[in-house]
**Student:** 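Please find one structure pasted underneath; my questions will follow.
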Amino acid sequence: MGMGRHQKSVASSGVSARWVFLLCISSFFLGVLLVNRILATSETNDGNENASPKQNDQARSLHPLVDCESKEGDILSRVSHTHDVIKTLDKTISSLEVELATARAARSESGDGSPTVAKSIADRSKARPKMFFVMGIMTAFSSRKRRDSIRGTWLPKEDELKRLETEKGIIMRFVIGHSSSPGGVLDHTIEAEEEQHKDFFRLNHIEGYHELSSKTQIYFSSAVAKWDADFYIKVDDDVHVNLGMLGSTLARHRSKPRVYIGCMKSGPVLAQKGVKYHEPEYWKFGEEGNKYFRHATGQIYAISKDLATYISVNRQLLHKYANEDVSLGSWFIGLDVEHIDDRSLCCGTPMDCEWKGQAGNPCAASFDWSCSGICKSVDRMLEVHQRCGEGQGAIWHTSF
């Protein structure tokens, strides 16, 4: 019986010893792992602190630190340079497209003043003189006195016209078509006047007041085929123009590809028959009493070469309204065109233009809104020129 109690005690103490042994082994290995982890972390930190400058430089080369302030300026500079390059490239592409379109238009022309011989773009560029601007002064068979009033004031004489072309790159011509009876008295009269003054640009167009939209379209198409200019201007023969001021105005927009410059307005659509400026297609502009879209008033406006070429290429598709200024404005709707509202192109006659000139803001063009031109222009053109003109030598002393 005593022997039994001894064996039971030994068995109990044997089990407890095995568990104690296992716990000791587990604790030992766990301690080793913890010590190794602590030692590894400590060595890494010491290594970073005691690393040589050379090793630190190598580390920086692998993971460079960015100087945000200096890099920001460099990035902005590169972005600006890239933007300039893109603008230059866009302008070059636009010029090439204009040349291509002009060549195609000239090739398909059949008699509106432009040649029909197929030539390469390079040949076309050589054939068309490079100019600053072309000004077409719209006139009629019955307007001889108006033309003479302009010749006697702001339009240079024959020799000066040639000098203006060679020295300033400016073309100025009275624009007129033909009579309904080709070769008749009216046409012979214009031919005789042209022989005397050498200042006409003839169009393959039958003259008529209700054909002004067609005449304007043919003018731009013919002018862009004959001269390679930065701008093409249309002006009425009862408007006073200061050429130096006009040139300076255009020069400010010379680097822009598609510009439409004039005194922008949005007049009422006149549905009533028999009134001046009646719009037969008034229903296209919405409810009665509506206004037109913004467009330049018809007395004077300028368009860039791209837009003149666009008119030439698409002339068969462009709709012509009763009023030519509305027609021109409608042709540019939907295009990426910059409309420039320049009020120096629509000054009034004295005292308005005179006061502005004295205040240091000379006008580029002057007329009376009530008459859609200078009232009684034949009698008053000289007065307006004397009181509002910029001076005879202004055009020669103005740099473009």
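Quick note: numbers below take in every heavy atom, side chains included, and nothing from hydrogens, waters or symmetry partners. Throughout, numbering of the chain's residues begins at 1 and tracks the sequence.
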**Student:** Check the angle between the aromatic planes of F285 and Y292 and answer parallel, tilted or perpendicular using the 30° and 60° thresholds.
**Tutor:**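 Perpendicular, since the angle between the ring planes exceeds 60°.
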**Student:** In this structure, are over 12 heavy atoms from other groups packed under 6.0 Å from K284 atom NZ?
**Tutor:**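 Enclosed: over 12 neighbouring heavy atoms sit under 6.0 Å from NZ of K284.
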**Student:** Would the distance check show the side chain of D341 and the main-chain N or O of M264 forming a donor-acceptor pair, the cut-off being under 3.5 Å?
**Tutor:**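 Yes, because the side chain of D341 sits within donor-acceptor range (under 3.5 Å) of the backbone of M264.
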**Student:** Please check if the side chain of K273 supplies one atom and the backbone of E279 the other of a donor-acceptor pair under 3.5 Å.
**Tutor:**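 Flag not set: sc K273 to bb E279 has no pair under 3.5 Å.
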**Student:** State whether the side chain of D368 and the backbone N or O of C375 hold a donor-acceptor pair below 3.5 Å, judged by distance alone.
**Tutor:**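 Judged by distance alone, yes, a pair lies under 3.5 Å.
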**Student:** Is there a donor-acceptor pair under 3.5 Å between the side chain of S312 and the backbone N or O of A308?
**Tutor:**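 Looks like no, no N/O pair under 3.5 Å.
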**Student:** Have a look at S304 and tell me which of I261, T309, V259 forms a side-chain contact (heavy atoms from CB on, under 4.5 Å) with it.
**Tutor:**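 The option that passes is V259.
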**Student:** Tell me, please, which residues at least two apart from H339 pass ring pair (Phe, Tyr, Trp, His ring centres under 6.0 Å).
**Tutor:**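 For H339, the residues satisfying ring pair (Phe, Tyr, Trp, His ring centres under 6.0 Å) (neighbours in sequence not counted) are Y260.
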**Student:** Hey, can you pull the donor-acceptor pairs under 3.5 Å for the side chains in residues 328-337, sequence neighbours left out?
**Tutor:**
| from | atom 1 | to | atom 2 | distance (Å) |
| --- | --- | --- | --- | --- |
| S330 | OG | S327 | O | 2.6 |
| W331 | NE1 | H319 | O | 2.7 |
| W331 | NE1 | S327 | O | 3.4 |
| D336 | OD2 | R258 | NH2 | 3.4 |

**Student:** Test your reading of the model: is there a side-chain donor-acceptor pair from E324 to the backbone of T216, 3.5 Å cut-off?
**Tutor:**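 Absent.
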**Student:** Looking only at atom types and distance, does a side-chain atom of R254 sit under 3.5 Å from a main-chain N or O of D230, one as donor and one as acceptor?
**Tutor:**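 No, because the side chain of R254 does not come within donor-acceptor range (under 3.5 Å) of the backbone of D230.
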**Student:** Can you name the salt bridge (charged side-chain N to carboxylate O under 4.0 Å, His left out) partners of D148, sequence neighbours left out?
**Tutor:**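 Residues passing salt bridge (charged side-chain N to carboxylate O under 4.0 Å, His left out) with D148: R144, R151.
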**Student:** Can you tell which of E383, R146, H240 makes a side-chain contact (heavy atoms from CB on, under 4.5 Å) with I374?
**Tutor:**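 For I374, the side-chain contact (heavy atoms from CB on, under 4.5 Å) test succeeds with only one of E383, R146, H240, which is H240.
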**Student:** By the rule that ILVMFWY residues connect when side-chain heavy atoms come within less than 4.5 angstrom, directly or transitively, which residues belong alongside M245?
**Tutor:**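 Besides M245, the hydrophobic cluster comprises nothing; the residue is isolated.
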**Student:** Is R380 close to T349 at the side-chain level, that is, under 4.5 Å between some pair of heavy atoms?
**Tutor:**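 SC-SC contact between T349 and R380 confirmed.
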**Student:** Please check: side-chain N/O of Q299 versus main-chain N/O of C346, any donor-acceptor pairing under 3.5 Å?
**Tutor:**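 Side chain of Q299 to backbone of C346, a donor-acceptor pair under 3.5 Å: no, none is there.
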**Student:** Keeping to residues at least two apart or across chains, list the ring pair (Phe, Tyr, Trp, His ring centres under 6.0 Å) pairs with something in residues 216-235.
**Tutor:**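 Residue pairs with at least one partner in residues 216-235: F201-W227.
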**Student:** So, using salt bridge (charged side-chain N to carboxylate O under 4.0 Å, His left out) as the criterion, who are the partners of R294 when residues are at least two apart?
**Tutor:**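 Partners of R294 under the salt bridge (charged side-chain N to carboxylate O under 4.0 Å, His left out) test: none.
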**Student:** Once you find the SG atom in C353 and the one in C388, is the distance between them below 2.5 Å?
**Tutor:**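 With an SG-SG separation under 2.5 Å, C353 and C388 do form a disulfide.
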**Student:** Verify, without hydrogens or angle tests, whether D237 (side chain) and R147 (backbone) share a donor-acceptor contact under 3.5 angstrom.
**Tutor:**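 No, D237 side chain to R147 backbone: no donor-acceptor pair under 3.5 Å.
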**Student:** How long is the straight-line distance from OG1 of T153 back to NE2 of H385, given to the nearest 0.5 Å?
**Tutor:**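 Between H385 NE2 and T153 OG1, I get 5.5 Å after rounding to 0.5 Å.
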**Student:** So does L243 get a backbone contact from the side chain of E390, meaning a donor-acceptor N/O pair under 3.5 Å?
**Tutor:**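 Yes, the answer is positive, given that a donor and an acceptor are paired below the 3.5 Å cut-off.
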**Student:** For the residue pair Y282 and H278, does the interplanar ring angle fall in the parallel (under 30°), tilted (30 to 60°) or perpendicular (over 60°) class?
**Tutor:**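 Ring orientation of Y282 relative to H278: tilted.
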